[in-house]
Amino acid sequence: MKGGGGGGVYSGKRRWRGLVIAVLGLVFLSMLVPLLFLLGLHNGFHSPGSEQQSSPSIGLGEYGTKIVIRDASNLSEGDRSNHVDDLVKQFAPTLSKDILKNISHPAENETKSPSAMHDNEEEKGFSVPPHADLQSLPIENNPKAAASVQIIDYAKGGVDQSGKSCELKFGSYCLWREQHREDMKDSMVKRLKDHLFVARAYYPSIAKLPSQDKLSREMRQNIQEVERVLSESTTDADLPPQIGKKLQRMQAAIARAKSFHVDCNNVDKKLRQIYDLTEDEANFHMRQSVFLYQLAVQTMPKSLHCLSMRLTVEYFRSPFDDTEASLADKYIDRALQHYVIFSTNVLASSVVINSTVMHAKESGKLVFHVLTDEENYFAMKLWFFRNTYKEATIEVLNMERLDLNNSKLQFSLPVEFRVSHSVDAQSRTEYLSTFSHLHYRLPEIFQNLEKVVVLDDDVVVQQDLSALWNLNMEGKVNAAVQFCSVKLSLLKSYLGENSFNKNSCAWMSGLNVIDLVKWRELDLTETYQKFVKEVSHIVSTQEAQNEAVALHASLLTFQDLIYPLDGSWALSGLGHDYNVDVYPIRNAAVLHYNGKMKPWLELGIPKYKGYWKNFVNREDQFLTDCNWNS
């Protein structure tokens, strides 16, 4: 009996002890489970592919903020990302509006709905999300990080740190870039790169967390997979079929990484490294684009180079009867209308002559003197021998073989300068074309002539120009269209300290009536040479001398000797200005394609090319052989 009774007491004590342990365990679990939920670790309990449903849990955060925790397994990918961001935002410390009033959150604005943004505006403080704009947050002992750095979109009117707009800095390239802007292509590749940048920024911090080895391995695997894909693919068409799932896995891993408290300095440092690399790459491509644009506008197209070479070869292969002797009298006949064209472009000079002849009332009175270099001389000779322009007479002169006072001439084309100025508080760029050094030898080249009209090879004539020969120039030497929006005071850097009327208007070449008699009386060639010598010793290179000195000497040589032509005689800007009205174009006597975007270039402004192409002889066999028509 004793033995049996003692055993019952002992078993009862053991049973009560087990119940106490069980109760304590339940109490411990009841405290642990809410703690785990508050730490955001409940998502890790779901096995892959499992479907669980749970009601929303409501609790109080560290600062008394009401927190709603929902099951993330039933949310879409975008909602899950917003859900994680909201959790992190609720646990993050809050800063006053005074501190964060200048901080922008572009990434946050992209993911939040307008209603959520409105709710945030009504709070007393703004919480700092982990994906906030790190550029705007202060970084200790890092002045570069504290500085505001931005990639300038020049084409949308942006300005750099010096206050210069794109057009002021790069000229017509910016206008061409804006007109030819294309929609973003290969968006998936760009999204992969963006997510790869973010994953690289968070990975070092996640790798330092001992409890997140699984997430660390997952992020490392995602980074390696995306790097391998991007190393083999540059366009969306090259991407593998399952790339969408890889992107989703990376997005999920990044969202989980953002939910942990990590060292913001490490993430900021990594993101800034990536940002600096991206900014350097963008600036490099900007400079490269400008260089390639300049190369394209300064290089003769392949088809025109082919045309010149084919004509030169054909000139020596098939000799033809030279009619120079029979036309020699016309070349010096003062009763005829003499036009002078400086050009190395066969097709461009042909368009100038063809458009002038087509609108002339008496084409038999027209004599064209085409001045070119030795390289293009034979091509010019054959072209104008093969093609006739009504009854007009055409002379081709090789300036490098022409001796004037026992001195050989160096051929040079009219020089163009980009001048930026302000009109109604808006920056504007003009291209001024001026005479080259060779223009000032005209009285010597045409010793028997009294008046000539000088045409640039980038013009198109739309009306009869015979009225220019009856023009009373009132003792002036050069009749030209003036640019009164560009005063000489704006060109002080070119003109130096010389005494000149600062309110005088700049003038343009392109269409100029030259009184050679008055020129010889005033000896303007000697005056020009004097101005050249004044500044030539300052300029080191020959190329710079040919450009900067030409503008300096030309504007000062013809000071007070310019007869202003009415603006309807010549309309300029068709080589750089996209906004020229149609009405002035139709009513102008001469269209001037001054600027970088010449009509024979692929970069030419499309809506102005038609006026030029109307006077191209498309049926010529050489143009067909050189694929110019295509």
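Atoms considered below: every heavy atom in the structure, side chains included; atoms not considered: hydrogens, waters and symmetry mates.
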Interatomic distance, [X] atom [atom1] to [Y] atom [atom2] [nearest 0.5 angstrom]:
| X | Y | atom1 | atom2 | answer |
| --- | --- | --- | --- | --- |
| Lys596 | His576 | NZ | NE2 | 11.5 Å |
| Ser303 | Leu347 | OG | CG | 8.0 Å |
| Met250 | Ile223 | CE | CD1 | 6.0 Å |
| Met300 | Leu307 | CE | CG | 9.0 Å |
| Cys306 | Phe622 | SG | CZ | 9.5 Å |
| Leu215 | Ser259 | CG | OG | 8.0 Å |

Worksheet item: For Lys609, what residues pass the salt bridge (charged side-chain N to carboxylate O under 4.0 Å, His left out) criterion, not counting sequence neighbours?
Response: none

Practice prompt. Not counting sequence neighbours, which residues clear salt bridge (charged side-chain N to carboxylate O under 4.0 Å, His left out) with Glu227? List them please.
Written response: Arg200

Discussion item. Closer than 4.0 angstrom, basic N to acidic O: yes or no for Glu218 and Arg256?
Written reply: yes

Kindly give the heavy-atom pair with the smallest separation between [X] and [Y], and that separation in Å.
| X | Y | value |
| --- | --- | --- |
| Ser233 | Pro240 | OG-CD, 4.5 Å |
| Tyr608 | Leu574 | CD1-O, 3.4 Å |
| Thr299 | Leu601 | O-CD2, 4.0 Å |
| Asp458 | Trp600 | CB-CH2, 4.0 Å |
| Ser433 | Asp456 | OG-OD2, 4.0 Å |
| Ser216 | Tyr203 | O-CE1, 3.3 Å |

Would you find a donor on one side and an acceptor on the other, under 3.5 Å apart, between the side chain of [X] and the backbone of [Y]?
| X | Y | value |
| --- | --- | --- |
| His195 | Arg191 | yes |
| Asp457 | Ala348 | no |
| Glu416 | Gly595 | yes |

Worksheet item: Taking only residues two or more places apart in sequence, or in another chain, which ones meet Gln224 in a side-chain contact (heavy atoms from CB on, under 4.5 Å)?
Response: Arg220

Worksheet item: Is there any salt bridge (charged side-chain N to carboxylate O under 4.0 Å, His left out) pair reaching into residues 231-241, and which pairs are they, with sequence neighbours excluded?
Response: none

Worksheet item: For residues 576-585, which residue pairs qualify under salt bridge (charged side-chain N to carboxylate O under 4.0 Å, His left out), counting only residues two or more places apart or in two chains?
Response: Arg428-Asp577

Practice prompt. Go through the steps for Glu281 and Lys193 under the test salt bridge (charged side-chain N to carboxylate O under 4.0 Å, His left out), then give the verdict.
Written response: CA-CA 14 Å; Glu281 184 179 359; Lys193 290 181 179 180; 6.0 Å; no

Response to the item:
By side-chain hydrogen bond (donor to acceptor under 3.5 Å, both in side chains), Glu225 pairs with (sequence neighbours left out) Gln221

Discussion item. Taking NZ in Lys607 as the centre, count heavy atoms belonging to other residues, nucleotides or ligands within less than 6.0 Å. Is the count above 12?
Written reply: yes

